[in-house]
Amino acid sequence: MTKRELSAILAKASAEDVAVLAEPIKAKAQIQVQKEPQKTLVMVKVRESIKNSLFYLGEVLATECMVTVNGVKGMSVIAGDQFDKAMNIAVIDGYLNGNASSADILEQIAALGVSQQQARQHMNRQIRKSKVNFNVMGE
């Protein structure tokens, strides 16, 4: 699983799910906070579809945090102002950066990703039920 996929799953997860993942790490690892969770603004870059050029859409409120887990850096930047979630994601990131043998937590994150995908598919099916085909209505 790539870092991008891990980040996407953890960002979409609830604060409670992330706390459950981080709790065993907090219990057995030495954690030092390098940068307390704090609010920041992040510029959102978007690709324009016609000319395929990049432009800045605007700023979004985000929370950033940096920790070390057993001497290995972990960080997080997530949209919104969820301080506990940002701290827990940084702890998970530091643990994964330092442990090549972290299959247990990777399996839990993968299972969380599967449940997120199933929930998304269920919501898409519900939305498609209400879709209106205007070509058929005109006949």
Side-chain angles (χ1 to χ4, degrees):
M1 186 175 298
T2 65
K3 189 77 129 169
R4 180 180 286 249
E5 292 168 339
L6 285 170
S7 298
I9 292 170
L10 291 174
K12 292 175 189 170
S14 69
E16 293 80 22
D17 289 338
V18 174
V20 167
L21 291 171
E23 199 60 41
I25 299 169
K26 289 179 177 179
K28 65 182 177 182
Q30 180 184 0
I31 298 168
Q32 293 180 338
V33 178
Q34 300 297 315
K35 182 188 270 188
E36 290 285 339
Q38 61 186 6
K39 294 179 187 179
T40 186
L41 291 173
V42 178
M43 290 296 291
V44 178
K45 193 185 296 187
V46 179
R47 185 167 300 279
E48 189 264 329
S49 60
I50 307 248
K51 292 183 180 178
N52 204 24
S53 61
L54 292 173
F55 70 96
Y56 291 102
L57 185 63
E59 294 177 328
V60 66
L61 178 68
T63 304
E64 63 181 345
C65 180
M66 186 180 297
V67 299
T68 57
V69 179
N70 295 331
V72 179
K73 282 188 181 180
M75 65 147 331
S76 69
V77 178
I78 58 170
D81 59 349
Q82 301 176 22
F83 292 95
D84 292 334
K85 184 176 176 181
M87 175 70 81
N88 289 328
I89 291 175
V91 167
I92 293 168
D93 183 56
Y95 179 75
L96 292 175
N97 289 340
N99 284 331
S101 62
S102 53
D104 56 338
I105 193 155
L106 287 174
E107 289 174 3
Q108 293 175 355
I109 293 172
L112 185 60
V114 168
S115 67
Q116 288 174 355
Q117 186 178 17
Q118 289 172 346
R120 202 171 322 123
Q121 288 172 349
H122 175 71
M123 184 176 61
N124 287 342
R125 282 193 298 274
Q126 298 291 31
I127 291 170
R128 273 189 243 127
K129 287 180 184 177
S130 65
K131 182 179 176 183
V132 177
N133 187 347
F134 289 101
N135 293 333
V136 175
M137 287 180 63
E139 295 177 355

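Heavy-atom basis, side chains included; hydrogens, waters and symmetry copies ignored. This chain uses plain numbering: 1 for the first residue, then up along the sequence.
- Atom CD in Q116 sits 10.5 Å away from atom CD1 in I109 (nearest 0.5 Å).
- Within the 3.5 Å criterion, the main-chain N or O of K73 finds a donor-acceptor partner in the side chain of N97.
- Of all non-hydrogen atoms in V69 and A29, the two that sit nearest each other are CG1-CB, 3.7 Å.
- Under the 4.5 Å side-chain heavy-atom criterion for grouping Ile, Leu, Val, Met, Phe, Trp and Tyr, L21 is connected to Y95 within one hydrophobic cluster.
- From T68, atom OG1 reaches atom CD1 of I31 across 8.5 Å, with rounding to the nearest 0.5 Å.
- Surrounding CG of N70 are more than 12 heavy atoms belonging to other residues, nucleotides or ligands, all under 6.0 Å away.
- In terms of modelled atom types and a separation under 3.5 Å, the side chain of K85 and the main chain of A13 share a donor-acceptor contact.
- By the criterion of side-chain heavy atoms lying less than 4.5 angstrom apart, applied directly or through intervening Ile, Leu, Val, Met, Phe, Trp or Tyr residues, M43 is not grouped with V77; the two fall into different hydrophobic clusters.
- A 4.5 Å side-chain heavy-atom check between L96 and L106 finds at least one atom pair inside the cut-off.
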Candidate pair Q34 and V67, rule side chain to side chain contact (heavy atoms under 4.5 Å, CB included), full reasoning: CA-CA 5 Å; Q34 300 297 315; V67 299; 5.6 Å; no

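- A donor-acceptor pair under 3.5 Å links the side-chain atoms of T63 to the main chain of G80, judged by distance alone.
- The CG atom of D81 sits 9.0 Å away from the CD1 atom of I78 when rounded to the nearest 0.5 Å.
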Evaluation steps, side chain to side chain contact (heavy atoms under 4.5 Å, CB included), between L6 and I92: CA-CA 10 Å; L6 285 170; I92 293 168; over 6 Å; no

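- Residue-environment remark: OH (Y56) stays at or below the threshold of 12 foreign heavy atoms within 6.0 Å.
- At least one side-chain heavy atom of V33 sits under 4.5 Å from a side-chain heavy atom of M87.
- Formation of a donor-acceptor pair under 3.5 Å by the S76 side chain with backbone atoms of A86 is found in this model.
- Taking 4.5 Å as the limit, every side-chain heavy atom of Q108 sits out of range of all side-chain heavy atoms of V20.
- Two different hydrophobic clusters hold L61 and V42 under the rule that ILVMFWY side chains link at heavy-atom gaps under 4.5 Å.
- Residues E23 and N88 fail the side-chain proximity criterion, which asks for heavy atoms closer than 4.5 Å.
- Under the side-chain contact (heavy atoms from CB on, under 4.5 Å) test applied with Q126, the options K129, R128, M123 reduce to a single match, K129.
- Between atom CE of residue M75 and atom NZ of residue K35 there is a gap of 7.0 Å, rounded to the nearest 0.5 Å.
- Note that the OG atom of S14 and the CG atom of L112 stand 7.5 Å from one another [nearest 0.5 Å].
- In this structure, the side chain of D93 does not engage the main chain of I89 through any donor-acceptor pair within 3.5 Å.
- Around the CZ atom of R4, the shell of radius 6.0 Å holds no more than 12 heavy atoms that belong to other residues, nucleotides or ligands.
- Of the inter-residue distances, the one linking I9 atom CD1 with K12 atom NZ reads 8.0 Å to the nearest 0.5 angstrom.
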